[in-house]
Amino acid sequence: MASSSRMLVVVVVATLVAVAWSAPPPVSITVEKGSDAKHLVLQIKYDKDGDNMKEVELKQNEDWLPLKKGYSGAWEIKSDTPLKGPFSFRYETQKGQRNVFDDIVPTDFKCGTTYKPEAY
């Protein structure tokens with residue numbers, strides 16, 4: 001019986017470690033100066049040593065639209081029609097970390113403001 005209890009403890013600890021290891025690192029999104037309803041420029045901070053954002057997309061209606069990374073390191077998207085918030089994002093990193101953040105940046109965003117997912 002004691003052996004079963006120890007095995008249960010080992011399984012629980014292993015599960016907790018696996019979940020903590022795979023949890024995404026903190027992400028924050030700052031709306032850069034010059035952004036407006038048709039042009040969003042975002043500085044995305046991703047805190048994971050040795051890994052970088054590879055792809056970022058913005059959800060618009062039911063479609064995911066790709067953002068382009070500029071020379072300054074900011075991600076941006078331009079549209080012929082106004083983008084409609086609140087804005088949801090998904091990303092993938094060079095090492096394969098993926099995540100989706102729903103409704104992070106509000107419709108009435110302010111340039112210079114940093115937004116973080118509620119989980120952080």
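Basis for what follows: all heavy atoms, side chains included, without hydrogens, waters or symmetry-related copies. Predicted model, so just to flag it, every value in this text is computed and none were measured.
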Under the side-chain contact (heavy atoms from CB on, under 4.5 Å) test, which residues partner [X], sequence neighbours left out?
X: K110; value: T113, Y115
X: K84; value: Q60
X: S35; value: V31, L40, V41, F109, C111

Which pairs would a plain distance check flag for residues 63-73, meaning a side-chain donor or acceptor within less than 3.5 Å of a matching protein atom at least two apart in sequence or in another chain?
from: S72; atom 1: OG; to: A74; atom 2: N; distance (Å): 3.4

Note, V27 side chain near Y91 side chain (heavy atom, < 4.5 Å): yes
Which residues pass the side-chain hydrogen bond (donor to acceptor under 3.5 Å, both in side chains) test with [X], not counting sequence neighbours?
X: E76; answer: H39
X: T114; answer: T30
X: S28; answer: none

Minimal heavy-atom distance between D103 and P86, with the atoms involved, is OD1-CG, 3.6 Å
Can you name the nearest heavy-atom pair linking K38 to D36, along with the distance? N-OD1, 2.8 Å
Just list the side-chain donor-acceptor pairs under 3.5 Å for residues 51-58, sequence neighbours left out, or say none.
from: D51; atom 1: OD1; to: T93; atom 2: OG1; distance (Å): 3.3
from: D51; atom 1: OD1; to: Q94; atom 2: N; distance (Å): 3.2
from: D51; atom 1: OD1; to: K95; atom 2: N; distance (Å): 3.0
from: D51; atom 1: OD2; to: Y46; atom 2: OH; distance (Å): 3.4
from: D51; atom 1: OD2; to: T93; atom 2: OG1; distance (Å): 2.7
from: K54; atom 1: NZ; to: E92; atom 2: OE2; distance (Å): 3.4
from: E57; atom 1: OE1; to: R90; atom 2: NE; distance (Å): 2.5
from: E57; atom 1: OE1; to: R90; atom 2: NH2; distance (Å): 3.1

So CH2 of W75 and CD1 of I44: to nearest 0.5 Å the spacing works out to 7.0 Å
CG/N99 to CZ/F89 distance, rounded to the nearest 0.5 angstrom? 13.5 Å
